[in-house]
Structure formats: structure tokens, C-alpha cells
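In what follows, a single structure is set out as C-alpha cells and then discussed.
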Protein chains: 2
Amino acid sequence: MNIGEAAEQANLPRKTIRYYEEIGLITPVRSENGYRDYSEMEVHRLRFLQRSRSLGFTIEECRLLLSLYDDKHRASADVKAIAEAKVVEIDKKIKELTELKATLSALAHSCHGDRRPDCPIISDLAGEPCV
Amino acid sequence: MNIGEAAEQANLPRKTIRYYEEIGLITPVRSENGYRDYSEMEVHRLRFLQRSRSLGFTIEECRLLLSLYDDKHRASADVKAIAEAKVVEIDKKIKELTELKATLSALAHSCHGDRRPDCPIISDLAGEPCV
DNA sequence: GATAGAGGTTCCAGCAACTGGAAGGTCAAG
DNA sequence: CTTGACCTTCCAGTTGCTGGAACCTCTATC
């Protein structure tokens, strides 16, 4: 199947699929006319990529997951470890953003937000850096 | 003052400061020897940038904030609006990450994580894409 | 005066993960 | 035979820096 249909089935932009090929995540054969020709297996791979990217795995993590996906004898523990590490990472990011939001909310609340030119937000930004 | 001390006082890497100059956020004069020469005002600007970047504002938002910072007659409402929009944005990101974490945690929990080759995480990734 | 080291300068390239556009080939329908 | 939708490649841009190479300048010491 051509890239257009593969893109539709995998829910990925064509450009992204070509990019994945460029970085060696997938290598479809070519038809006589030079068009990429995707098999069902390859569409599966693309869907796998779409799903794992949407779950926040980096390309390199996807590459690793794909190799585990291909390896029929890999232990599930390997996969679980990657997923759990990702959970920790995401959790850390959530905490960081939560702190950020608190700081910024406090700043916004402290600002009267009218036509007066003095503004506590600007004052804070101009103040000492947070180290 | 030279870039090294400015960097220290603003808590920013030299490279970053040069980059900020390249994109027009700051334009120090040059000494006879060609070295950049930062005034106290400019170090303030750099600190302002450091702080706002660390609060999650993009470079373009920083540019806007700086122009408001420079404008003695701007209304605090303008600044407040930017800060509040950022809070909404951050909140959205937190929600997304929280959902992500829930999905990934559930997957990791459902995986026995032993030496068996079948793995529910891989099965899920290989399944239908989340649209 | 020579030299070493710690500053400074420029420019070029690269990261992640695409995305957009130009210039052109191919195919099916009317 | 032309139109339009598809496909191809290649080049450049995005965000916000970061690293490195090659080179200049200043200060201190021998």
C-alpha cells in the first residue's frame, strides 16, 4: 500500500513516516514506480510507533521498544523496566510544572491587573533570579 | 563588565547570553578590544530573561515581557493576561501528563515483569492507536 | 621578552522530532 | 490531453540552546 493509506491507517502524517524511514525505524520496499510500498506488518510497526510516541517515549526509546517487539524471546521484565522509568520521568515533570504553576499563579493573583503601570509580576521578573 | 561576570551575575551560560544577543534580546556595546561590555541595566535585563525563561515563558513571550518591562506606561493588565494565559497552558500540560502517567502506570502494573516473553505493554503498543 | 593560562571572539554544526515548500514524476478519470 | 491527486527528493526552518575549532587578548610569572 502507498504511503497515503499507510499514513491514514497508522494515524501519522506522511512526512513523519518518511522521517521514520530516514532514521531507520522502518524500511518499506519500493514499487516499480519508486513509490514506497507498505505491508500489513509495517503498518503495524507504524501504529506501534504512533502509540508509543503518543505515550511520551522518545524516538530512541521507541527504537528499543521496537527491537523488544521484534524479539520473540525477550523477557517482559525488560519492557516493564522501560515503562516504569518513563512513569518516574513523567512524574518528575508533573511535579516541576505544578511548582511552576503555583509560582506563576501567585504572581498573577498578586497583580491588580488594571491600568496602573506598576506590576508585581514585572517586579518579580526583574528581581533576583531563582537559583 | 565582560561576558563572564555578566553570566555569573545573571546566572546564565555565556553561550546563552551570546545567543540572546544574536536574536536581538540584548545589545551590549563593545570595548576597544572587541569584548562585549555589559552595563548594570543589561545585567538586569539578563536576570529578567533568566527568571522568565525559568518560569516557562518562551523566548517570544520573554521578548514581549521585556517590551512591557521597558514601557513605563504599560498597564499591569497586559502583563497579568500573559501570566494567566501561561498558567492555563501549564495546567493543560499537567493534565495531559497526568493522563499519560495513569495509562503508562496501568500498563506497567498489568505486566508481570518476569522472564516470560509475552508482555501486555508490548501488546498494547502493538494494538489500536489512541486517536 | 617569552610563555602559560584564563579570558574573550567568530563561525559552523548538532540536538529532537518533525514540518513546510519547491520542483518534478506518476497515475486514474473525464 | 489535461486536470488533480498522489508520489518522489532535497533543502530549509522550527526552539533554545550547546559544543567545538580556530583564533585573539589580557595578565602574571619566569
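Here is the naming used below: chain letters follow the sequence lines, and residue numbers restart at 1 for every chain.
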Please say which of A:Lys86, A:Lys92, A:Lys93 ends up in a salt bridge (charged side-chain N to carboxylate O under 4.0 Å, His left out) with A:Glu89. A:Lys86
How would you list all residue pairs meeting salt bridge (Lys or Arg N to Asp or Glu O under 4.0 Å) that involve residues 96-111 of chain B, not counting sequence neighbours? A:Asp91-B:Lys101
Distance check needed: C:dA17 P versus A:Leu46 CG, whole Å only. 17 Å
Check whether the side chain of B:Lys15 and the base of D:dG16 form a donor-acceptor pair under 3.5 Å. no
Which of D:dG16, C:dA17, D:dC6 is nearest the side chain of B:Ile59? It is D:dG16
Among D:dC7, C:dT19, C:dA17, which nucleotide has an atom closest to any side-chain atom of A:Arg53? C:dA17
B:Leu64: which residues meet the side chain to side chain contact (heavy atoms under 4.5 Å, CB included) condition with it, sequence neighbours left out? B:Ser67, B:Ile82
Yes or no on side chain to side chain contact (heavy atoms under 4.5 Å, CB included) for B:Arg47 and B:His44, after CA distance, side-chain angles and deciding distance? CA-CA 5 Å; B:Arg47 273 210 284 260; B:His44 259 280; 4.2 Å; yes
B:Tyr19 vs D:dT15: side-chain N/O to OP1/OP2 distance below 4.0 Å: no
All N/O pairs under 3.5 Å across the protein-nucleotides 1-3 of chain D interface:
none

Give the rounded distance in Å between these two atoms: CG of A:Leu49 and C1' of C:dA17. 13 Å
In the single-linkage hydrophobic clustering (I, L, V, M, F, W, Y; side-chain heavy atoms under 4.5 Å), do A:Leu12 and A:Tyr35 co-cluster? no
List in numerical order all residues of residues 21-38 of chain B for which some heavy atom is under 4.0 Å away from an atom belonging to DNA chain D. B:Asn33, B:Tyr35
Which residues satisfy the side chain to side chain contact (heavy atoms under 4.5 Å, CB included) test with B:Ser110, sequence neighbours excluded? B:Pro120
A:Thr16 side chain near C:dT19 phosphate (N/O to OP1/OP2, under 4.0 Å): yes
Does B:Phe57 reach a base, just sugar-phosphate, or nothing at all? Heavy atoms under 4.0 Å. nothing
Taken to the nearest whole Å, CD/A:Glu8 to P/D:dC7 is 10 Å
Output the rounded distance in Å from CZ (A:Arg14) to P (D:dC6). 6 Å
Rounded to whole angstroms, how far apart are CD on A:Glu5 and P on D:dA5? 18 Å
A:Glu8 atom CD, over 12 foreign heavy atoms within 6.0 Å: no
A:Arg53 bridged to A:Glu60 by N-O distance under 4.0 Å: no
Quickly work out the A:Glu61 CD to C:dA17 C1' distance and round it to whole Å. 14 Å
Nucleotide C:dA16, atom P - distance to CD of A:Glu89 in whole Å: 14 Å
Holding to side chain to side chain contact (heavy atoms under 4.5 Å, CB included), I want the full list of residues that pass it with B:Glu32, two or more places apart in sequence or in another chain. none
Whole-Å distance separating the CG atom of B:Asn2 from the C1' atom of D:dT27: 13 Å
